[in-house]
Enquirer: 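The following block contains the structure, expressed as structure tokens.
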Amino acid sequence: MKRNIVIATLTAAALATGGTVAAFAAGDDEATATQRQTNTSAQAAADRDDADDAADDRDDNATEDRTAVPGADVTAAEAIAAALKHTPGTAVSADLDDDGADADAWKVSVVKGDGTECDVRIAPDSGKVLGAQRDTDDDHDGDDRAELAAVQGAKTDAREAALAAAHKGTVTEVGIDDDHGTVAWSAETVKGTGHGEWNIALDTGKVTQDRDDDGDDA
């Protein structure tokens, strides 16, 4: 009889201990599951933050794309044509002046038949002539005169150079370049977030990337 009581007591103790161990095991599993859920939620939040940051970057890039030539509906070629219609001569450069917010005007430099140089300002939204004034800079040296002579007798003029460079992006500036010993037209373009500098041959109109250019366009 006593032996049965001892056995029953040991059995009950074993069951009680086993139940406690099982309870602890179950508690550990729940804690692990809770930790995993917490980690998963934290990772999901981090992924959402990364996605939001990437979206913000894309929005910033899109804004830069839209404002690369802000407010300019008139192309460089159109601005040059308008300037030459107002002030006949040889266009030697065109660039888009801006005040940092909106396009202010295209400024086209034209050398007239008598050798005087005028800066003609063209509205970037309508193409209307805003005004013209003589360039009072008399510091043109022999190199400048040689460049002018080269472009005056060229098959490709400034407007045609702008049209050729437009295949590489939106043209923001056209001028004369002789950095490599050969006189050519030079042009700067923007395309998306990239920037390019190009040389346009006076005789053929062929466009090649400026060798000194580190821009993103190819």
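Only a predicted model underlies this, so the values are computations on that prediction, with no experimental measurement involved.
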Enquirer: Which residues satisfy the side-chain contact (heavy atoms from CB on, under 4.5 Å) test with Ala94, sequence neighbours excluded?
Expert: Ile80, Val108
Enquirer: Please identify each residue that fulfils side chain to side chain donor-acceptor pair (under 3.5 Å) with Asp203, with sequence neighbours left out.
Expert: none
Enquirer: Salt bridge or not for Arg134 and Asp119, using N-O below 4.0 Å?
Expert: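 No, no charged N to carboxylate O under 4.0 Å.
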Enquirer: What pair of heavy atoms forms the shortest contact from Gly205 to Ile200, and how long is it?
Expert: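 Result for this residue pair: O-CG2, 3.6 Å.
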Enquirer: Partners of Arg159 by salt bridge (Lys or Arg N to Asp or Glu O under 4.0 Å), sequence neighbours excluded?
Expert: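 For Arg159 there are no salt bridge (Lys or Arg N to Asp or Glu O under 4.0 Å) partners, ignoring immediate neighbours.
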Enquirer: Shared ILVMFWY cluster between Leu163 and Leu84, side chains joined below 4.5 angstrom?
Expert: no
Enquirer: Report yes if the side chains of His195 and Glu188 come closer than 4.5 Å at any heavy-atom pair, otherwise no.
Expert: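 Side-chain contact under 4.5 Å: yes.
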Enquirer: Could you see if Ile176 belongs to whatever hydrophobic cluster contains Val111? Use Ile, Leu, Val, Met, Phe, Trp, Tyr and a side-chain cutoff under 4.5 Å.
Expert: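 Yes, one cluster joins them.
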Enquirer: Is there side-chain contact between Cys118 and Gln133, with at least one heavy-atom pair below 4.5 Å?
Expert: no
Enquirer: Can you find a heavy atom in the side chain of Arg121 that is under 4.5 Å from one in the side chain of Asp104?
Expert: yes
Enquirer: Examine Val171 and Val151 and state if one hydrophobic cluster contains both, with Ile, Leu, Val, Met, Phe, Trp and Tyr joined whenever side-chain heavy atoms are less than 4.5 Å apart.
Expert: yes
Enquirer: Are Trp198 and Val183 connected in the hydrophobic side-chain network, where two residues link if heavy atoms are under 4.5 Å apart?
Expert: yes
Enquirer: For a quick test of reading the model, state the closest non-hydrogen atom pair linking Ala162 to Ala77 and the distance between them.
Expert: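 So the minimum-distance heavy-atom pair works out to CB-N, 3.9 Å.
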Enquirer: Could you pull out the closest heavy-atom pair between Ala187 and Ala165, with the gap in Å?
Expert: CB-CB, 3.6 Å
Enquirer: With a 4.5 Å heavy-atom cut-off, do Thr156 and Thr204 have their side chains touching?
Expert: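 Sidechains of Thr204 and Thr156: no contact.
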Enquirer: Rounded to the nearest 0.5 Å, what separates atom CG in Asp177 from atom CG in Asp210?
Expert: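 One finds 6.0 Å between CG of Asp177 and CG of Asp210.
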Enquirer: Kindly state each residue pair satisfying side-chain hydrogen bond (donor to acceptor under 3.5 Å, both in side chains) with at least one member in residues 80-93, sequence neighbours excluded.
Expert: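 Matches after skipping sequence neighbours: Ser93-Ser109.
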Enquirer: Could you pull out the closest heavy-atom pair between Pro124 and Leu96, with the gap in Å?
Expert: CB-CD1, 4.4 Å
Enquirer: Given side-chain contact (heavy atoms from CB on, under 4.5 Å), test Thr170 with Val190 step by step and report yes or no.
Expert: CA-CA 5 Å; Thr170 301; Val190 291; 3.9 Å; yes
Enquirer: Do Val92 and Leu202 sit in one hydrophobic cluster, given that two such residues count as connected whenever their side-chain heavy atoms are within less than 4.5 Å of each other, even indirectly?
Expert: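 Same cluster.
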Enquirer: Which atoms form the tightest heavy-atom contact between Val120 and Ala132, and what is the distance?
Expert: CG2-CB, 4.1 Å
Enquirer: For Ala149, what residues pass the side-chain contact (heavy atoms from CB on, under 4.5 Å) criterion, not counting sequence neighbours?
Expert: none
Enquirer: Could you tell me if the side chain of Leu130 sits less than 4.5 Å from the side chain of Ile122, heavy atoms only?
Expert: no
Enquirer: Name all residues meeting the side-chain contact (heavy atoms from CB on, under 4.5 Å) criterion together with Ser126; count only those two or more places apart in sequence or in a different chain, and write none if there are none.
Expert: Ala123, Lys128
Enquirer: To check you understand the geometry: which heavy-atom pair defines the closest contact between Trp185 and Ala158, and what is its length?
Expert: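 So the two residues come closest at CZ2-N, 3.4 Å.
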Enquirer: Can a donor-acceptor pair be found, under 3.5 Å and without considering hydrogens, that links the side chain of Asp157 to the backbone of Glu160?
Expert: yes
Enquirer: Before giving the answer on side-chain contact (heavy atoms from CB on, under 4.5 Å), spell out for Glu197 and Gln209 the whole-Å C-alpha distance, their side-chain angles and the decisive distance to 0.1 Å.
Expert: CA-CA 6 Å; Glu197 295 182 9; Gln209 189 167 20; over 6 Å; no
Enquirer: For Asn199, run the side-chain contact (heavy atoms from CB on, under 4.5 Å) check against Thr208, Val207, Thr182 and tell me which one passes.
Expert: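 Going through the options one by one, the only one that passes is Thr208.
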